[in-house]
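First comes the structure, then the notes that go with it.
Note on naming: letters A, B, ... go to the chains in the order of the sequence lines (proteins, then strands), and numbering restarts at 1 for each one. Computed over heavy atoms, backbone and side chain alike; hydrogens, waters and symmetry mates excluded.
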Protein chains: 4
Amino acid sequence: MEFSDNKAIYLQIIEYVHENILAGKWHADERVPSVRDLAVELQVNPNTVMRAYDQLQAGEILYNKRGIGLHVSADAMTLITAKNREIFLNRELPAFFRKMDLLQISPEEIMRLHKLRSED
Amino acid sequence: MEFSDNKAIYLQIIEYVHENILAGKWHADERVPSVRDLAVELQVNPNTVMRAYDQLQAGEILYNKRGIGLHVSADAMTLITAKNREIFLNRELPAFFRKMDLLQISPEEIMRLHKLRSED
Amino acid sequence: MEFSDNKAIYLQIIEYVHENILAGKWHADERVPSVRDLAVELQVNPNTVMRAYDQLQAGEILYNKRGIGLHVSADAMTLITAKNREIFLNRELPAFFRKMDLLQISPEEIMRLHKLRSED
Amino acid sequence: MEFSDNKAIYLQIIEYVHENILAGKWHADERVPSVRDLAVELQVNPNTVMRAYDQLQAGEILYNKRGIGLHVSADAMTLITAKNREIFLNRELPAFFRKMDLLQISPEEIMRLHKLRSED
DNA sequence: GTGGTCTAGACCACC
DNA sequence: GTGGTCTAGACCACA
């Protein structure tokens, strides 16, 4: 996996976990890779993975079985989609619409580009 | 003017200049506020303004008349809009579409929300 | 390293980096000295080194691995030589020819002097 | 006349005077334009013209007839060409040859480009 | 007055 | 440890 430079790596790892759960690769109550393993896999400092896992626990996406490891919460998928949708609809979408206005790009143009992309 | 915390001040100053030019407040070949004046106005260190002006010169949005001051380039407006559109279409739009897919939000839904907003 | 007085130090640092890359002392994807280290080595304020590194990143000569350090781009060497040639051919050479005309120095004379030099 | 940004204007005015003399537009012992007139013509601050004229007097290119104005020295042309040649041969040419080596541009290539230019 | 460069020193998020 | 941002204050050449 490659990381973008303009975003903290631990945040990109959080998104990576989100996507794995949403995509159904990591199931509810399944054990997630250990900090060490994921650090090796992503070629990243273990502290960085730790930080991402910490935050995921705080957000109740992951939970800890003592001595065994971190696991995917039962409602992880629901939580992630709910939070993502909330941010998308209330924060990103308005900004997106404002930018469309500013650049004088019509909704029809957006639709056209979206269709184009789907055909690829 | 107020600055957001999660973005470098000098970047916000660049946007401030962009907006003034796009809004037609600062015309082509017109002198922009001196480093010191803008620093006082924005309550910021002159070096910070300088840094913004530096980049604006590098991007050919501003040009220097020696000993007189910085001025708005003839094609500043064109450059700014072109760059904005380019970033929007090549960087933000693909990310936006990806997110739509992930959250399973259909283009029709987007259109509906856009229409709703317009009616406010 | 010594700095000339009639040229900004940060520009001389940029050239210093260019030379190290062209000379093969700093290889592609290799980490360059940290801002602080180079500042100590060159006996210069870290901000001054930062300014040079900034521009080198903007020109894609260096890239950043977050928290680890700046590294030489894969195509740094190509970029540097291409830019150098471009400046030489489009800016310096025309000025050189103009001066030859002005001083009425013939191309043959230039050739003679070049040959002389090679024999030293 | 247009002035380049990356060189002090007063230096560009000096060159302007040099060229006028070399081109035979301003003859020996002829009166040169007054500071005020030249300032108007070049659209420049009179102080800036003054500075150029000062330096030209110091270099004995111009001399002052009290109450009348500045005049071109009898040996202005000789002085200018001698000085220009000296700088060109001892300073610029070696730098030029060094750069040719560095960029691996052969003398033959230079000759070819010079010929090309003459044909324009 | 103008832009431009440099230093010294502080603070930050991130790895 | 890394880069990055900001401030305060000094100094310079140029117009």
Side-chain angles (χ1 to χ4, degrees), chain A residues 3 5-13 39 42-52 55, chain B residues 3 5-13 31-39 42-58 62-71, chain C residues 3 5-13 31-39 42-58 62-71, chain D residues 3 5-13 35 39 42-52 54-55:
Chain A
F3 293 106
D5 267 3
N6 49 30
K7 204 170 181 180
I9 291 179
Y10 82 96
L11 291 175
Q12 298 182 58
I13 294 177
L42 301 181
Q43 305 203 50
V44 139
N45 190 304
N47 288 329
T48 307
V49 175
M50 195 54 179
R51 191 163 180 176
Q55 202 144 320
Chain B
F3 293 110
D5 266 357
N6 52 25
K7 205 169 180 181
I9 292 179
Y10 80 95
L11 291 176
Q12 298 182 57
I13 295 178
R31 195 174 161 279
V32 303
S34 79
V35 172
R36 291 159 178 79
D37 287 354
L38 192 57
L42 301 182
Q43 306 206 51
V44 135
N45 189 289
N47 284 330
T48 306
V49 174
M50 192 48 158
R51 192 164 177 182
Y53 276 3
D54 247 16
Q55 290 209 192
L56 286 162
Q57 275 189 83
L62 301 181
Y63 68 93
N64 188 12
K65 285 193 188 170
R66 296 184 64 122
I68 300 179
L70 295 172
H71 299 250
Chain C
F3 293 109
D5 266 357
N6 51 25
K7 205 170 182 180
I9 293 179
Y10 81 95
L11 292 175
Q12 298 181 57
I13 295 178
R31 194 174 162 278
V32 303
S34 80
V35 171
R36 291 157 177 83
D37 286 354
L38 192 57
L42 301 181
Q43 307 206 49
V44 136
N45 188 291
N47 283 331
T48 306
V49 174
M50 192 49 161
R51 190 165 180 181
Y53 276 4
D54 247 16
Q55 291 210 190
L56 287 162
Q57 275 189 83
L62 301 182
Y63 69 93
N64 187 10
K65 286 193 189 171
R66 294 185 64 124
I68 302 179
L70 295 171
H71 299 249
Chain D
F3 294 106
D5 267 2
N6 49 29
K7 205 170 178 180
I9 292 179
Y10 83 94
L11 290 175
Q12 297 181 59
I13 295 178
V35 168
L42 301 182
Q43 305 204 49
V44 139
N45 191 303
N47 288 330
T48 309
V49 175
M50 193 55 177
R51 190 162 181 178
D54 270 358
Q55 200 144 322

Worksheet entry | Assigned partner base of E:dC14, Watson-Crick or wobble definition, under 3.5 Å | F:dG1
Fill in: 5'-most by nearest nucleotide on DNA chain E - C:K7 or B:I68
B:I68
Worksheet entry | Minimum-distance nucleotide to C:R66 side chain [options: F:dG4, E:dG3, E:dC15] | E:dC15
Discussion item. Would you say B:R51 places a side-chain N or O within less than 4.0 Å of OP1 or OP2 belonging to F:dT5?
Written reply: yes
Discussion item. Tell me the interatomic distance from C:F3, atom CZ, to E:dT5, atom C1', rounded to whole angstroms.
Written reply: 13 Å
Response to the item:
Of the listed F:dC6, F:dG3, F:dT2, the closest approach to the B:A8 side chain comes from F:dC6
Worksheet item: Rounded to the Å, how far apart are B:N64 CG and E:dT2 P?
Response: 12 Å
Item to complete: Can you see which heavy atom on D:V35 is nearest to which on D:P46, and at what distance?
Response: CG1-O, 3.5 Å
Worksheet entry | Rounded interatomic separation in angstrom, taking CD from C:Q55 and C1' from F:dG4 | 15 Å
Discussion item. Please report the distance, rounded to the nearest Å, between CG in C:L70 and P in E:dC15.
Written reply: 14 Å
Item to complete: Looking only at non-hydrogen atoms, find the nearest pair between B:F3 and B:Q12 and report the distance.
Response: CA-OE1, 3.3 Å
Worksheet item: How many Å lie between CD1 on A:I13 and P on E:dC14, as a whole number?
Response: 13 Å
Worksheet item: Looking at E:dG1, does its base get a donor-acceptor pair with the side chain of B:R36 below 3.5 Å?
Response: no
Worksheet item: How is B:Q57 classified with respect to the nucleic acid when contacts are heavy atoms under 4.0 Å: base, sugar-phosphate, or nothing?
Response: sugar-phosphate
Practice prompt. Identify, between C:P33 and D:T48, the residue whose nearest nucleotide on DNA chain F lies closer to the 5' end.
Written response: C:P33
Practice prompt. Indicate, with a heavy-atom threshold strictly under 4.0 Å, whether D:N47 touches base, sugar-phosphate, or nothing.
Written response: nothing
Worksheet entry | Euclidean distance, atom CE of residue C:M50 to atom P of E:dA10 [Å, nearest integer] | 18 Å
Fill in: Side chain of B:D54 - closest among F:dT2, E:dG3, E:dG4
E:dG4
Discussion item. Which heavy atom of A:D5 sits nearest to which heavy atom of C:R66, and what is that distance?
Written reply: O-NH1, 3.0 Å
Practice prompt. Could you tell me which non-hydrogen atom of A:A52 sits nearest to which non-hydrogen atom of A:Y10, and how far apart they are?
Written response: CB-O, 3.6 Å
Response to the item:
When rounded to whole Å, the CG to P distance for the pair B:L62 and E:dT2 reads 15 Å
Discussion item. Measure CG/D:N45 against P/F:dC14 and give the value in whole Å, please.
Written reply: 14 Å
Discussion item. Show the nearest heavy-atom pair for residues C:R51 and B:D54, with the distance to one decimal.
Written reply: NH2-OD2, 3.5 Å
Discussion item. If you assign each of C:R31 and B:Y10 to its closest nucleotide in DNA chain F, which residue comes earlier from the 5' end?
Written reply: C:R31
Response to the item:
Closest to the 5' end of DNA chain E, once C:G67 and B:S34 are matched to their nearest nucleotides, is B:S34
